[in-house]
Amino acid sequence: MSELPVLTSYIGGKFVTSGVSFDNVNPVNGQVIAHIDEASLEMINTAVASARQAQDTWGKMPVKQRCALLHKVADRMAEREQEFIDAEIADTGKSLHQVQTIDIPRGTANFRFFADLAQFNSGETFITETPDGSKALNYSVNKPLGVVGVISPWNLPLLLATWKIAPAMACGNSVILKPSEETSSTAFLLAQVMDEVGIPPGAFNLILGRGSAVGDALTSAEGVDAITFTGASATGKRIMKSVADQVKPISFELGGKNSAIVFADADLTKAIKGVARSSFTNCGQVCLCTEKVYVHRAIFDLFVEGLKQEACQLKIGYPYDDGVFMGPLVSSTHQQKVLSYYRLAEDEGATFVTGGGVPRFNDERDNGAFIEPTILTGLSDTARVNQEEIFGPVCHISPFEDEDEVIARVNNTQYGLAAAVWTENLSRAHRVSPQLDVGLVWVNTWFLRDLRAPFGGVKLSGIGREGGQHSLAFYSEPINICIKI
Ligand code: NAD
C-alpha cells in the first residue's frame, strides 16, 4: 500500500471516499505525490441532497452571522497559509513568489471581500402610480439560488475557485465545488478549513474527480440550481448543452486569445516589461495572458529586440529557488499541447525570435513539464497560431500602421476576454479602449484587478459578469413584491 496522501471528497460535513483513485503528479519532476479519490455518482447525489438540506441552515442564517463565518474561513486560511502555498506549488510547480503574492492571498481576500459586500445586497424599491389614481409599492428581496455547482480550472486553482465560492456562499447558497483534477490539493485544504471553523454540514461540499465524469454528473444533476464555471470554451459548450434541459442559470469565464497594442507613443521600456509580464506570467497560463502583440511599425524592431532580452533573462527552475519566474507548465500533457503549437508555428512559417523548445537541466526536472518562453514573428492574423488559444508562455508580434487597422485586427478573433493598450496619449487610450470587443481593457498595465469591477468576456470568452455587485446579482434571485396601497 502506498504511503502517499489520499485526497478525498467532503460531503455533508464528512470526508468520504469511493475507493477509486488516480495519481496526482508534480509537474516539476513527474513524480506521483498523492492519490485523488474520485467521487462516485452516489457520492455526487449525496452531495446534492446535503447541499439542499443545508439551505434550511445556511440559506436562512442571518447574513451577518453567515458572513462572520466566512471571515473565519479567511482567518483560518491565513493561519494555514504556508500549507496552502506548499499545496499549490506541489500541484502546479508555480514559483513561490507568485503563489505567495497572488494565488493564496487573493484566495483569502475573496472571502473577506464578499463577506463584507454581501451585507449590502439590498433590493430595489419603487412607488408605482396606478391607473385608478392610487399607488403601489414594488420592492424586491434577494433570495439565494439554492445549490450552486462551482467548476474551476487548474491555472489559478484556489484563487479562481474562491472567486466563485465566496460570493455564492455569502449570498446564502450551498456550494458543491468540483476543482480541476490536476489541482485538487488546495480545494481539499479549503474543505478542512470549512470543517474546522464550523460551516454547517452541506453548505460547502467538495467532489473530486475528472471533468468528463464528476464534472459532467454535477452539471446535469437535478437539484443543482445553477452552474458557475471557469475553464476552456469547448468545455463551456458541453456544459451549456448539459444544463439546457433544466434551464439552469450559468456564469461562464472561458478562454481567450488576448492582444496587446503598443503604440509608437508608448513608454517603450514600460511597454516591453509589461508585455513580458502579460505574456509569460504563470508560464502564460492565465486566461488574461497576451498571446498576440501588435506594435507600431516605427518601433517594431526596437520592441522585438527588447522583449527578446526580457524573455532571455527570465529564470526558469525549481519553484522555491530565489529569483525563479517560471516553473513548469501544469502537466506533461499540457507541455505536449504547447509544444505542438510551437511545431505548428514552424509549419505555418513563423520566425522564432527566441525559444521554441524545452529547457534541459540534466537532472530530475527533465522529467517535468518545463518549456521555453517563446516569441514569434512573421505570421498572418489568420494563422492558427494567431487564432487559437495556446495557454503557454508564447506571443506572436506583428507590426501595424494605424489605429483603425489595429482595432480591426485585434477584434478579428472568436474570443473576447482582455486587451492591453500601451500609449502615453490619453485621448487615444480613451478612444481605442471601448472599441475593442473584449470584457476588460488595461491601459499601461495588466492584471490589475479591483474586486468591485465587472469581470468577464464576450464572444467565446464567456457569458455574464462576476465581481462586486455583478457576483451578488448572479448568485441571488431577486423576488419582486407588489403591494397595492
Ligand atoms: P477545462 O475546461 O479543461 O477544465 C475546467 C474544469 O472543467 C475542470 O474542473 C474540469 O475537470 C472540468 N470539466 C472538464 N470537462 C467537463 C465536462 N464535460 N463537464 C463538466 N466539467 C468539466 O479548462 P482547464 O484546462 O482546466 O483551464 C484552462 C482554460 O480555462 C483555458 O481555456 C483558460 O483560458 C480558461 N480560463 C478562463 C478564465 C476566465 O476567467 N475567463 C480563467 C482561467 C482559465
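In listed order, ligands and their atoms are each counted from 1.
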Enclosure of Q53 CD (heavy-atom neighbours >12, cutoff 6.0 Å): no
Parallel, tilted or perpendicular: ring planes of F447 versus W442, cut at 30 and 60 degrees: perpendicular
F391 ring center within less than 6.0 Å of W154 ring center: yes
Pair Y294 + F400: ring centers closer than 6.0 Å: no
Any pair counted as salt bridge (Lys or Arg N to Asp or Glu O under 4.0 Å), so long as it reaches residues 439-449, sequence neighbours left out: none
F188 and F15 aromatic centres sub-6.0 Å: yes
Residues in the immediate environment of ligand 1 (any heavy atom closer than 4.0 angstrom): I151, S152, P153, W154, N155, L160, K178, P179, S180, E181, G211, G215, D216, F229, T230, G231, A232, T235, R238, I239, E253, L254, G255, G256, C287, E389, F391, L417, F455
